[in-house]
Novice: 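Structure below; questions to follow.
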Amino acid sequence: MKKILAVLAAATALMAGPAPAQTYPTKQVTVIVPFAAGGPTDIVARIMADYFAKALGQQFVVENVAGAGGTTGTLRTAQSTPDGYTIMMGHMGTHGAAPALYPNLKYDPTKDFEPIGLAAGTPIIIVARKDFPAANLKEFIARAKNPDVRLSQAHAGVGSVSHSTCTMLSTQLGTKHRVVAYRGTGPALNDLVGGQVDYMCDQIVNLVEQIKAGAIKAYAIATPERSPALPDVPTTKEAGLPDYQVSAWNALFAPKGTPKEIVAKLNDTYKKALADAATRKRLLDLGSVLPDAGGQTPESLQKLVQTEVARWNPILKGQATQ
Ligand code: MLT
């Protein structure tokens with residue numbers, strides 16, 4: 001009922017006011033980030049929000065709505081008024097893995113959103129606290145498989161990227177360790193740097209600075225090629241775990257029913273952000289993989305969401321307890 005009223009409100013507003021797309025945005029826009037400040041989703045969102053604000057002349061204000069592996073903030077977006085003034089930064093967890101882990105998920109990533117654009121591909125890196133007693137991935141795996149050793153793994157909640165990708169790792173290694181859930185991998189990284197947890201599977205954009213500073217250990221990046229942002233970090237193939245290949249992604253979404261002219265204007269601004277030299281540099285310096293023109297359409301993002309939901313289902317079904 002709430003959704004119907006929201007759509008009616010938006011429709012009424014549209015009928016009453018001037019053609020929305022030409023004047024949109026006439027006030028600040030909220031960008032929901034479904035994790036705590038400081039993590040990869042937040043980092044990518046703020047870089048994009050900075051460009052949108054400059055390009056469209058209104059504030060794009062990030063609101064961190066954390067909880068339940070990102071599904072709390074994602075549901076908040078799905079239920080928001082579809083008028084263009086609430087959008088979100090989602091990702092491979094909220095719009096890919098979540099349905100497999102939350103049987104009663106109250107939103108459908110493939111139906112309840114208007115895809116705007118894929119902001120950044122974010123390769124996954126296996127990282128550990130800097131004094132973890134393993135000099136390389138092979139030694140890390142040996143320690144992880146040792147039945148007398150119980151490690152602690154940090155993640156950002158069931159269904160998050162860090163949870164899903166490390167669940168995939170545990171399944172491949174046949175290991176099961178203590179897991180520590182955080183409201184985002186920003187706070188999780190603080191504890192990893194502080195040595196309070198042993199390891200994490202996280203998105204490169206969150207890790208580059210700490211790896212370069214030697215504050216954490218990076219064992220391998222789970223992509224076929226090394227990252228130009230971290231040329232000294234070996235691939236999982238080079239490090240002896242070729243089957244562990246996984247990348248996440250972060251993307252902008254609006255709630256279903258947002259007027260198509262407004263979605264088109266947001267997509268146009270997003271494409272200009274990815275063409276803007278300063279914005280590109282910020283994203284690339286953090287190890288992002290940026291989509292080419294074909295990967296910048298709403299249709300290609302919709303297809304990615306559908307593919308990811310189908311991909312993660314068999315990998316994660318029933319793993320909610322991890
Ligand atoms: C995740 O694990 O899904 C993200 O890294 C969480 C975050 O952006 O904090």
Side-chain angles (χ1 to χ4, degrees), residues 39-40 43 92-93 97 120-156 160-182 184-249 285-289 315 319 322:
I43 289 166
M92 186 202 79
T122 48
I124 295 300
I125 301 179
I126 302 169
V127 290
R129 56 186 168 82
K130 67 174 183 289
D131 54 358
F132 190 85
N136 54 46
L137 186 61
K138 276 204 170 70
E139 289 180 19
F140 170 84
I141 292 170
R143 190 158 179 77
K145 286 184 171 179
N146 180 337
D148 300 330
V149 173
R150 189 146 168 75
L151 303 181
S152 59
Q153 175 233 317
H155 63 64
S160 63
V161 163
S162 45
H163 167 265
S164 311
T165 54
C166 247
T167 298
M168 186 175 161
L169 178 65
S170 301
T171 305
Q172 283 189 11
L173 300 181
T175 56
K176 197 166 175 61
H177 292 295
R178 185 167 68 88
V179 290
V180 184
Y182 292 79
T185 52
L189 182 61
N190 292 339
D191 275 6
L192 192 71
V193 170
Q196 277 80 38
V197 284
D198 290 316
Y199 74 101
M200 183 159 76
C201 305
D202 196 12
Q203 299 172 72
I204 190 169
V205 295
N206 195 34
L207 304 171
V208 169
E209 285 164 22
Q210 298 292 5
I211 291 169
K212 285 182 171 174
I216 56 175
K217 270 181 181 171
Y219 287 122
I221 186 167
T223 43
E225 305 297 328
R226 295 191 180 199
S227 167
L230 290 169
D232 299 334
V233 176
T235 64
T236 44
K237 185 174 179 202
E238 290 171 311
L241 192 63
D243 290 347
Y244 189 63
Q245 297 287 332
V246 61
S247 251
W249 44 270
D285 285 353
L286 291 173
S288 303
V289 176
I315 298 171
Q319 298 276 354
Q322 271 267 353

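Remember, it's a predicted structure, so these values are computed and weren't measured experimentally. We're numbering straight along the sequence, starting at 1.
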Novice: Rounded to the nearest 0.5 Å, how far apart are OG1 of Thr185 and CG of Leu192?
Specialist: 10.5 Å
Novice: Please find the pair of heavy atoms, one from Pro224 and one from Thr235, that lie closest to each other, and give the distance.
Specialist: O-CG2, 3.6 Å
Novice: Testing the basics here: between Leu151 and Asp198, what is the closest heavy-atom pair and its distance to 0.1 Å?
Specialist: CA-OD2, 3.3 Å
Novice: To the nearest 0.5 Å, how far apart are CG in Asp202 and OG1 in Thr165?
Specialist: 7.5 Å
Novice: What do the steps show when you test Asn206 against Thr122 for side-chain contact (heavy atoms from CB on, under 4.5 Å), and what is the final call?
Specialist: CA-CA 9 Å; Asn206 195 34; Thr122 48; over 6 Å; no
Novice: Can you find a pair of side-chain heavy atoms, one from Val289 and one from Ser247, that are under 4.5 Å apart?
Specialist: no
Novice: Minimum heavy-atom separation for Pro40 to Val205, with atom names?
Specialist: CB-CG2, 3.4 Å
Novice: Between His177 and Ala144 (side chain of the first, backbone of the second, donor and acceptor by atom type, cut-off under 3.5 Å), is there such a pair?
Specialist: yes
Novice: Atom CZ of Arg150 and atom OG1 of Thr175: how far apart are they, to the nearest 0.5 Å?
Specialist: 10.5 Å
Novice: Measure across Met92 and Ala248 and return the closest heavy-atom pair with its distance rounded to 0.1 Å.
Specialist: SD-CA, 3.9 Å
Novice: One pair to check against side-chain contact (heavy atoms from CB on, under 4.5 Å): Leu189 and Met200. What are the steps and the verdict?
Specialist: CA-CA 8 Å; Leu189 182 61; Met200 183 159 76; 4.3 Å; yes
Novice: According to side-chain hydrogen bond (donor to acceptor under 3.5 Å, both in side chains), does anything in residues 187-196 pair up with another residue at least two apart or in another chain? List the pairs.
Specialist: Tyr182-Asp191
Novice: How long is the span from the CD atom in Gln153 to the SG atom in Cys201, to the nearest 0.5 Å?
Specialist: 6.0 Å
Novice: For the pair Ser164 (side chain) and Gly93 (backbone), establish whether a donor and an acceptor sit closer than 3.5 Å, ignoring hydrogens and angles.
Specialist: no
Novice: For Thr236 versus Gln245, what's the shortest heavy-atom pair and its separation?
Specialist: OG1-NE2, 3.5 Å
Novice: Between Arg143 and Pro133, is any pair of side-chain heavy atoms under 4.5 Å apart?
Specialist: yes
Novice: Tell me the closest heavy-atom pair linking Pro123 and Gly121, and the distance in Å.
Specialist: CD-O, 3.6 Å
Novice: Begin from the C-alpha positions of Ile124 and Gln203 and carry the test side-chain contact (heavy atoms from CB on, under 4.5 Å) through to its verdict.
Specialist: CA-CA 5 Å; Ile124 295 300; Gln203 299 172 72; 3.8 Å; yes
Novice: Distance from Ile141 atom CD1 to Tyr244 atom OH, nearest 0.5 Å?
Specialist: 11.0 Å
Novice: So how far is it from Leu169 CG to Asp243 CG, rounded to the nearest 0.5 Å?
Specialist: 11.5 Å
Novice: Using atom types as modelled, flag every donor-acceptor pair under 3.5 Å from a side chain in residues 209-222 to any protein atom, sequence neighbours excluded.
Specialist:
from, atom 1, to, atom 2, distance (Å)
Lys217, NZ, Phe132, O, 2.5
Lys217, NZ, Ala134, O, 3.2
Tyr219, OH, Ala134, O, 2.7

Novice: Is any side-chain heavy atom of Arg226 closer than 4.5 Å to one of Pro231?
Specialist: no
